[in-house]
Asks: 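Right, I'll just put the structure down here and ask away after.
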Amino acid sequence: MQPDNPDAVFVDDSGDTAGRALMTIVSAQHEELVILTVQGSIDVLTAPQLSEEVTNALHGQPRGLIIDLTTTDFLASAGMAALVAAHEAIAPTGLFGVVAAAPATSRPLTLMGLDQTIVLYPTLAHAVTAMTRPTGMSGSPTG
């Protein structure tokens, strides 16, 4: 049966792919950085997909990892846990940053105090610039 609206999106919530249509991740490389751009919702159903993509990105041993949440519309605790795990996976030798300027992403990260552990950037351009400087990240948290 064909949908009446060709722009309609159908989510297959059966089997192992449940929740995967709620989030898409695009991986890109810029110099020695890997950038994962996450679109959609990061919750208990989709956080494992983000963790899997982080693992794949780190296999190449990049100098740094940026997770861009500019087009992420929901960030649950499972998503924040995945971000902390990503930070721990690349530390202490690699650089890590999260682009989170919208309230849907920056607010939960700040409320949970993760902005004291993870460097948050307002734009992808800011993150790339900071991480490609010869001295590494400026403004990185201490501790």
Side-chain angles (χ1 to χ4, degrees), residues 3 5-143:
N5 179 356
D7 296 327
V9 175
F10 293 91
V11 176
D12 178 11
D13 60 356
S14 62
D16 293 334
T17 61
R20 292 207 179 232
L22 300 175
M23 180 181 74
T24 57
I25 301 173
V26 176
S27 180
Q29 198 153 358
H30 178 79
E31 296 180 17
E32 295 180 58
L33 302 175
V34 173
I35 302 165
L36 298 179
T37 301
V38 183
Q39 181 178 10
S41 299
I42 309 174
D43 57 22
V44 71
L45 293 175
T46 59
Q49 181 184 356
L50 175 57
S51 296
E52 182 179 326
E53 290 297 326
V54 166
T55 299
N56 292 341
L58 295 181
H59 278 300
Q61 299 181 334
R63 178 172 185 258
L65 174 64
I66 298 170
I67 299 182
D68 182 3
L69 303 181
T70 302
T71 56
T72 301
D73 53 27
F74 180 73
L75 180 62
S77 59
M80 289 184 273
L83 293 175
V84 170
H87 178 256
E88 291 172 351
I90 197 165
T93 58
L95 303 174
F96 182 74
V98 174
V99 179
T105 54
S106 64
R107 190 162 193 256
L109 290 167
T110 303
L111 287 173
M112 295 304 295
L114 293 178
D115 61 327
Q116 301 301 308
T117 305
I118 297 171
V119 181
L120 301 181
Y121 295 99
T123 66
L124 181 57
H126 282 95
V128 169
T129 299
M131 289 187 167
T132 54
R133 287 187 187 138
T135 58
M137 285 189 296
S138 62
S140 62
T142 58

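Heavy atoms only: backbone and side chains are in, while hydrogens, waters and symmetry mates are out.
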Asks: Do you know the tightest heavy-atom contact between A57 and P62?
Replies: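 Shortest heavy-atom separation between A57 and P62 comes out as O-CD, 3.5 Å.
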Asks: Give me the atom names and distance for the closest heavy-atom approach of T71 to V38.
Replies: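 Heavy atoms of T71 and V38 come nearest at OG1-O, 3.1 Å.
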Asks: Hey, could you give me the CG/CD1 distance between L124 and I35, rounded to the nearest 0.5 Å?
Replies: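 Between L124 CG and I35 CD1, I get 5.0 Å after rounding to 0.5 Å.
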Asks: Quick one: CG on L50 to CG on L83, what's the gap to the nearest 0.5 Å?
Replies: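 With rounding to 0.5 Å, CG (L50) is 6.0 Å from CG (L83).
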Asks: For F96, run the side chain to side chain contact (heavy atoms under 4.5 Å, CB included) check against I67, I66, V54 and tell me which one passes.
Replies: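 Checked I67, I66, V54 against F96; only one passes side chain to side chain contact (heavy atoms under 4.5 Å, CB included): I67.
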Asks: Looking only at non-hydrogen atoms, find the nearest pair between R133 and R63 and report the distance.
Replies: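 R133 and R63 have their closest heavy atoms at O-NH2, 3.4 Å.
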Asks: When you measure from the side chain of T46 to the backbone of D43, do you find a donor-acceptor pair of N or O atoms at a distance under 3.5 Å?
Replies: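 Side chain of T46 to backbone of D43, a donor-acceptor pair under 3.5 Å: yes, one is there.
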Asks: Taking only residues two or more places apart in sequence or in another chain, which ones pass side-chain hydrogen bond (donor to acceptor under 3.5 Å, both in side chains) with T70?
Replies: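 Applying side-chain hydrogen bond (donor to acceptor under 3.5 Å, both in side chains) to T70 gives D68.
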Asks: With side-chain hydrogen bond (donor to acceptor under 3.5 Å, both in side chains) as the rule and sequence neighbours excluded, what pairs involving residues 82-97 come up?
Replies: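 Those involving residues 82-97 do not exist here.
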Asks: For H30, look at atom NE2 and say whether over 12 heavy atoms of other residues, nucleotides or ligands are found less than 6.0 Å away.
Replies: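 Atom NE2 in H30 is packed in, count exceeds 12.
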Asks: Return the minimal non-hydrogen interatomic distance between L114 and V84, and the atom names on each side.
Replies: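 Result for this residue pair: CD2-CG2, 3.7 Å.
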Asks: Report the distance from atom CD1 of I25 to atom CD1 of I42, rounding to the nearest 0.5 Å.
Replies: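 It is 7.0 Å, given to the nearest 0.5 Å.
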Asks: Give every residue pair that meets the side-chain hydrogen bond (donor to acceptor under 3.5 Å, both in side chains) criterion with at least one member in residues 31-41, sequence neighbours excluded.
Replies: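 Listed once each, the pairs are S41-D73.
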Asks: Please name the pair of heavy atoms, one in S106 and one in A100, separated by the smallest distance, quoted to 0.1 Å.
Replies: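 So the minimum-distance heavy-atom pair works out to CB-O, 3.3 Å.
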Asks: State the OG1-CE distance between T110 and M112, to the nearest 0.5 angstrom.
Replies: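 Answer for the OG1-CE pair, T110 versus M112, is 11.5 Å.
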Asks: Roughly how far, to the nearest 0.5 Å, is CE of M23 from CD of Q49?
Replies: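 Atom-to-atom, Q49:CD and M23:CE are 4.0 Å apart.
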Asks: Check L45 against P48 and note the closest heavy-atom contact, atom names and distance.
Replies: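 Shortest heavy-atom contact: O-CD, 3.8 Å.
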